[in-house]
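Just so it is clear, the structure is predicted and the values come from calculations on it, not from any experiment.
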Amino acid sequence: MKIINFAEFPSVINQYMMELRNVEIQNDPLRFRRNLERIGEIIAYEISHTFNYRAEKITTPLAPAKCDVIADPIVLGTIFRAGVPFHQGFLNILDRSENAFVSAYRKYKEKENFDVFIEYIASPRLDGKTLILVDPMLATGASMELSYRALLTKGTPERIHIASVIASQKAVDYVKAHFPADKTTLWVAAIDPEINEHSYIVPGLGDAGDLAYGTKD
């Protein structure tokens, strides 16, 4: 599996990451959501370099012209709820994509022990398409894998891209072990070294869903 870690290449993503992580800036939900969106836009652009393209002839007011346009059928798949602004960033760039949505949540059996459940799925057919699965926080990798398994009920994609803002090293290893290595690429803005007893990424940034949309009961 190919892994692209943007932290290894200095770019404006580092500025957005600093603001996402900084507790003194996190109290602005609008800016938090917008930074998730902006990182999504940048990663979407980088992923676009991997697509197949076809030539299309168009007519300008002055003369005919040839343009190379995306030939691959794209499906953007998102895990609710923190994934929504991140997904929007991808959709801003890949605006002709189809979209898929999965609701995955943790159900705690004990304080530090939980299972992941899939409650909702809405997706087009995936056979032969390029699936881009986006979720800003890749903590254990379990939610991402279960969401992928749920989406496979809609068909088998030709290529898979997984995109996250922050992943733990444990999640990276998990994804490498549970996704088809020959057709999967992982794109991440940062890889953090560990997760804590509650499976939150450390240093991470906290609960992305709460920071984007408010605390839940």
Nearest-0.5 Å distance, [atom1] of residue [X] to [atom2] of residue [Y]:
X: I93; Y: E46; atom1: CD1; atom2: CD; result: 11.0 Å
X: N52; Y: D68; atom1: CG; atom2: CG; result: 11.5 Å
X: T156; Y: R125; atom1: OG1; atom2: CZ; result: 8.5 Å
X: K183; Y: H161; atom1: NZ; atom2: NE2; result: 11.5 Å

- Y53 and D72: side-chain donor and acceptor closer than 3.5 Å?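 No pair is found: no donor N or O on one side chain lies under 3.5 Å from an acceptor on the other.
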- Residue pair E37 / N92, side-chain donor-acceptor N/O under 3.5 Å: yes
[X] [atom1]: over 12 foreign heavy atoms closer than 6.0 Å:
X: Y45; atom1: OH; value: no
X: R96; atom1: CZ; value: no
X: K170; atom1: NZ; value: no
X: Q169; atom1: CD; value: yes

- Task: Could you note down all residue pairs passing ring pair (Phe, Tyr, Trp, His ring centres under 6.0 Å) where residues 63-96 supplies at least one of them, sequence neighbours left out?
- Result: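 Only F80-F101, F86-F90, H87-F101 qualify under ring pair (Phe, Tyr, Trp, His ring centres under 6.0 Å).
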- Message: E19 vs R31, test: salt bridge (Lys or Arg N to Asp or Glu O under 4.0 Å). Steps then yes/no.
- Response: CA-CA 8 Å; E19 294 185 3; R31 188 163 192 82; 2.6 Å; yes
- Query: Does a side-chain heavy-atom distance below 4.5 Å link L94 with F51?
  - Reply: yes
- Task: Quickly, which of I25, L205, I166 forms a side-chain contact (heavy atoms from CB on, under 4.5 Å) with L20? Name it, please.
- Result: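 When side-chain contact (heavy atoms from CB on, under 4.5 Å) is applied between L20 and each of I25, L205, I166, only L205 qualifies.
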- So which of V175, V188, I79, L133 actually passes side-chain contact (heavy atoms from CB on, under 4.5 Å) with L138?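 That would be V175; it is the only one of V175, V188, I79, L133 passing the side-chain contact (heavy atoms from CB on, under 4.5 Å) with L138.
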Salt bridge check: are [X] and [Y] linked by an N-O gap of less than 4.0 Å?
X: R81; Y: D135; value: no
X: D192; Y: R21; value: yes
X: K129; Y: E98; value: yes

- Item | Under 3.5 Å donor-acceptor, T60 side chain and A63 backbone | yes
- Query: Under 3.5 Å, is there a donor-acceptor pair between the side chain of R33 and the main chain of P85?
  - Reply: no
- Indicate the atoms forming the closest heavy-atom contact of P136 with G83, along with that distance.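 For P136 versus G83, the nearest heavy atoms are CD-CA, 3.6 Å.
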- Do you know which two heavy atoms are closest between I39 and V165, and how far apart they sit? CD1-CG1, 4.1 Å
- Query: Members other than L62 in its cluster, when Ile, Leu, Val, Met, Phe, Trp, Tyr link by side-chain heavy atoms under 4.5 Å?
  - Reply: none
- According to the interplanar angle, ranging from 0 to 90°, do the rings of Y174 and H178 count as parallel (below 30°), tilted (30 to 60°) or perpendicular (above 60°)? parallel
